[in-house]
Every structure is written in structure tokens, then in C-alpha cells.
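The analysis underlying the following values was restricted to heavy atoms, covering all of them including side chains, and did not include hydrogens, waters or symmetry mates. Quick caveat: nothing in here was measured; it's all calculated off a predicted structure.
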Amino acid sequence: GLGKDADVVEMSKSSKLEEEIKNDLEKLANEAKFNSLEKVKHFIISPEDFSIDNGCMTPNLKMVRKKIEAKFKKEIDSLYESIPLKL
């Protein structure tokens, strides 16, 4: 719905895109018969690629989790704050 000329930052903030991705993840998880603990329920769409240049990937293309966690700490904290607590 954003069109082919939409920029990455605009797309990363799109609730429509987030909903499409969430539906696709749910469909794939159901097809693979994942249990509820294995399903992705919440996620962040970053406008920035993980790359070797920004330190988020190693030369072997493995994620540098500590670097990613530090770089996106604010977004991750915000995500956890938005998740309703279930007792």
C-alpha cells in the first residue's frame, strides 16, 4: 500500500507492513506446527540493515548480538513496555 517509491524509513514505520509480516509469520508457524512458545509474537522492523560495515554482522555473516542489543536498546525496551503482562 505504500507503493514502490516508498523509502525504507517510511516502510519501517508502517503498521500495514507490520500486520502483513505478522500474518505471514503466523501462517508459516502454523504450517510448521510450532507450539505457542516457538511463535514470533512481537518484533521490530528496523530501517537499517544488519551489515559488516555497521558492526551488526561478522565477516562470516553471523549476527553480533551484543552490538545489536546495544544499538537497538531503546527500541527493544519500548517493545517490552508495550507488551501487556499476563499473570
Side-chain angles (χ1 to χ4, degrees):
L2 294 171
K4 66 180 181 179
D5 296 326
D7 71 342
V8 175
V9 174
E10 183 183 359
M11 289 190 306
S12 71
K13 295 178 182 178
S14 168
S15 60
K16 195 172 195 178
L17 177 62
E18 184 176 344
E19 192 62 35
E20 285 291 321
I21 292 171
K22 191 172 190 174
N23 289 339
D24 286 346
L25 288 172
E26 183 69 27
K27 180 182 173 194
L28 291 169
N30 288 337
E31 288 172 1
K33 298 182 178 162
F34 285 2
N35 69 43
S36 64
L37 295 175
E38 298 172 308
K39 293 180 180 180
V40 175
K41 294 177 184 71
H42 305 281
F43 55 89
I44 298 166
I45 302 172
S46 171
E48 184 179 349
D49 290 338
F50 291 2
S51 69
I52 297 168
D53 293 335
N54 66 14
C56 292
M57 301 287 282
T58 68
N60 293 331
L61 300 180
K62 294 181 181 178
M63 292 191 312
V64 182
R65 294 180 188 275
K66 294 219 182 256
K67 174 80 174 188
I68 293 168
E69 184 179 349
K71 186 176 189 96
F72 295 98
K73 182 172 179 20
K74 187 173 90 174
E75 291 87 347
I76 294 168
D77 290 345
S78 175
L79 179 67
Y80 276 106
E81 289 171 7
S82 71
I83 298 171
L85 292 175
K86 293 181 180 178
L87 299 177

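- A pairwise comparison of heavy atoms in Val8 and Pro47 identifies CG1-O, 3.1 Å as the closest pair.
- For the atom pair OG of Ser14 and CD of Glu10, the computed distance is 8.0 Å after rounding to the nearest 0.5 Å.
- The heavy-atom pair separating Ser12 from Ser46 by the smallest distance is CB-C, 4.2 Å.
- With values rounded to the nearest 0.5 angstrom, Glu20 atom CD is found 11.0 Å from Ser15 atom OG.
- Other members of the hydrophobic cluster containing Phe72, listed by chain and number, are Ile44, Phe50, Ile52, Met57, Leu61, Met63, Ile68, Ile76, Leu79, Tyr80, Ile83; membership follows side-chain contacts under 4.5 Å among ILVMFWY residues, whether direct or relayed.
- Taking both residues in full, the closest heavy atoms of Asn54 and Glu48 are given as ND2-OE2, 2.9 Å, listed atom of the first, atom of the second, then distance.
- Proximity of Glu26 to Asn30: side-chain heavy atoms (C-beta onward) are separated by under 4.5 Å at one or more points.
- Atom NZ of Lys71 sits in a crowded spot, with more than 12 heavy atoms from other residues, nucleotides or ligands closer than 6.0 Å.
- Open room surrounds NZ on Lys22; 12 or fewer heavy atoms of other groups in view lie less than 6.0 Å from it.
- The environment of Lys41 atom NZ is dense: over 12 non-hydrogen atoms of other residues, nucleotides or ligands sit within 6.0 angstrom.
- Here the NZ-CD1 distance, from Lys16 to Ile21, works out to 13.5 Å after rounding to the nearest 0.5 Å.
- The neighbour count for Glu38 CD, taken as heavy atoms of other residues, nucleotides or ligands under 6.0 Å away, is above 12.
- Asn35 places a side-chain N or O within 3.5 Å of a backbone atom of Leu37 that can act as its donor or acceptor partner.
- Heavy-atom minimum distance, Lys39 versus Ala29: CG-CB, 3.7 Å.
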